[in-house]
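Have a look at the structure below, then the notes.
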Amino acid sequence: MKNYGDAVAFLGQWGRFQQAVFFLLCASIMPNGFGAFTLVFMNDIPSHHCRVPESNLTEEWLTSVIPLTEVNGKQELSKCSRYRLDVVRNLSARGFIPHKDINLSDIELEGCVDGWVYSKDIYQSTIVTEFDLVCTEQWKQPFTSTIFFVGVLLGSFFSGPLSDRFGRKPVLFATMAAQTIFTFLSVFTTTWIWFIILLFINGLGQISNFVAALVLGAEIFTGNVRVLYSSMGTCCGFAVGYMLLPLCAYFLRDWKSLLLALSVPCVAYIPLWWILPESPRWLLSQGRIAEAEAVVKMAAKWNKVQAPSNIFECNSVEKTDTQKEHYNVFDLLRHSRIRTTTLLLCFVLFTLITGYYCLSFNTSQLHTDPYISCFISALVEIPAYASSFIALRYFPRRLSIIVSLIAGAVPLYLIPLVPEHLSSLSLTLEMVSKYSFTTGASLMFAYTTELYPTVLRNTATGTTTTISRMGSCITPFLLSLSVHYKYLPYVILATLAVVTAISAYFLPESFKLPLPETIEQMHERQRKIHLCNKRNISPVSLDDSR
């Protein structure tokens with residue numbers, strides 16, 4: 001029986017159809033890179049101090065009404081307190097001079113009862129300045145990011161089963177629509193509660209359409225094009241959006257304009273509904289053979305090749321018994337080998353995503369200008385994605401993942417040994433580590449799609465991505481451990497990477513093997529690989545031109 005790749009081999013790998021789908025899917029991922037780190041600017045805390053209403057205070061008292069505090073060895077205006085204004089007004093009216101006639105430490109302090117004055121040197125406005133998320137309300141600032149990532153986590157979990165049930169294309173466009181609509185509505189919120197509700201819903205679509213687009217392309221393309229798309233294509237689309245973020249944020253210094261810049265251009269994606277096809281592999285897994293053939297015949301017209309009259313004739317018998325079956329996340333745990341593979345993948349991807357987000361958000365130390373910091377953090381991802389493509393093209397998956405984890409851990413272990421005056425060396429090591437974790441994370445997306453059959457592929461990708469997103473949720477807490485020991489986050493992350501690298505050794509290999517179409521094929525492939533490993537025989541490499 002011919003597999004899917006053999007059945008559509010007449011299309012070729014890089015015709016007009018594949019080119020159009022490739023670049024359109026990559027373009028659909030760009031808003032994810034833009035939106036993933038928007039909170040870096042929208043949720044930033046500008047310099048601020050208590051507002052002092054217009055009053056008849058002398059110049060000396062106006063400059064002294066805000067007490068000074070020491071922060072990192074520097075004197076700064078207090079952010080959350082001022083001297084009691086009624087007392088200061090009385091002293092000013094009586095002609096007393098601060099520091100000369102009056103010891104300011106004797107004056108009682110009060111909170112910022114009249115609000116705050118925020119610096120506009122970097123931002124015109126952020127959600128922090130909009131909703132006063134400072135002082136006693138400062139807990140809401142990191143909580144806002146947590147709400148977003150919880151939405152991302154749940155979106156990853158539910159989008160996989162929905163995509164396996166209803167199709168890749170409907171979920172892709174539904175999540176893109178959710179992300180666009182609720183980002184746009186966030187501009188008009190007047191309370192913090194409504195903002196985080198809309199932000200949560202926005203998070204549901206943030207990574208979901210990335211996963212749907214990844215799986216859709218991985219199932220449409222064959223051979224080297226599938227490897228190129230699953231590694232460099234999707235990730236470079238993400239990186240381009242990521243690099244556009246600091247550029248837009250630099251010229252749009254208020255948070256509402258930044259959200260409009262993210263949401264309004266997405267309307268241009270609506271025509272893609274009539275251009276992008278459904279996955280023929282998924283249609284076949286549902287027994288919808290006529291629809292799958294229609295997609296392939298349309299592709300043949302685009303590529304100007306002649307399609308056979310019965311493209312999937314051999315597949316029709318195979319799909320008869322399975323077309324009515326529906327699979328869910330529990331099928332990832334029902335069989336021992338699939339369960340072991342799933343748990344190991346979750347652990348590996350969790351570590352890589354934790355490292356990726358920790359080092360991404362920690363790059364604010366790179367430069368005093370947050371726009372330059374963000375751009376450098378995005379720029380380093382381009383060579384990382386190129387490396388992942390080379391690794392996927394020429395090296396075994398398991399070896400590539402192990403090397404990425406170890407290469408990410410070693411620089412983090414070295415950072416505490418670097419002298420304080422060589423800060424540039426520490427930052428270089430940190431960027432090398434981020435490069436390695438980014439490379440590994442990119443590898444994992446393609447690796448996961450290769451291990452699972454069509455009926456479980458999106459569920460597996462969504463589930464492993466969901467678990468990995470827990471890493472992004474714990475990132476603020478991991479970075480906060482630096483208050484106890486400056487290098488503690490590095491040591492923890494490096495140790496986690498080493499343990500994960502050891503665990504990755506037990507993952508199955510998928511290099512140059514065809515994508516499994518059914519659970520039985522996945523079992524059979526893993527059984528053969530297991531027997532070959534026991535006998536020290538290399539499994540047969542099948543050219544993935546299918």
Exercise for the section: Please report the shortest heavy-atom distance between D44 and V40, naming the atom on each side. Expected result: CB-O, 3.5 Å
Completion exercise
Of all heavy-atom pairs linking P411 and L429, the shortest is CB-O, 3.3 Å
For the residue pair [X] and [Y], establish whether any side-chain heavy-atom pair is separated by less than 4.5 Å.
| X | Y | value |
| --- | --- | --- |
| W255 | L259 | yes |
| T38 | L258 | yes |
| T439 | V403 | no |
| V128 | N43 | yes |

Practice task
Go through the side-chain N and O atoms of Q18 and Y229 and say whether any donor and acceptor fall under 3.5 Å apart.
Solution key: no
Practice task
Verify the distance criterion only: is there a donor paired with an acceptor across the side chains of S186 and N202 at less than 3.5 Å?
Solution key: no
Spell out, as yes or no, whether a donor-acceptor pair under 3.5 Å connects the side chain of [X] to the backbone of [Y].
| X | Y | result |
| --- | --- | --- |
| S404 | S400 | yes |
| R398 | Y505 | yes |
| S433 | G408 | yes |
| Q19 | W14 | yes |

Handout entry: F37 and Y357 aromatic centres sub-6.0 Å
Key = yes
Exercise for the section: Evaluate the ring-ring contact (aromatic ring centres under 6.0 Å, His included) criterion for residues F238 and Y385: first the C-alpha distance (whole Å), next the side-chain angles of each, then the deciding distance (0.1 Å), finally the verdict. Expected result: CA-CA 10 Å; F238 182 92; Y385 297 143; 7.5 Å; no
Problem - Test side chain to side chain donor-acceptor pair (under 3.5 Å) applied to S387 and Y435, step by step - result: CA-CA 9 Å; S387 299; Y435 159 83; 2.5 Å; yes
Practice task
May I have the step-by-step check of ring-ring contact (aromatic ring centres under 6.0 Å, His included) for Y250 and F41, ending in yes or no?
Solution key: CA-CA 10 Å; Y250 179 81; F41 301 107; over 10 Å; no
Practice task
Start with the C-alpha distance between T341 and Y452, add both sets of side-chain angles, then the distance that settles side chain to side chain donor-acceptor pair (under 3.5 Å), and finish with yes or no.
Solution key: CA-CA 10 Å; T341 298; Y452 290 92; 5.7 Å; no
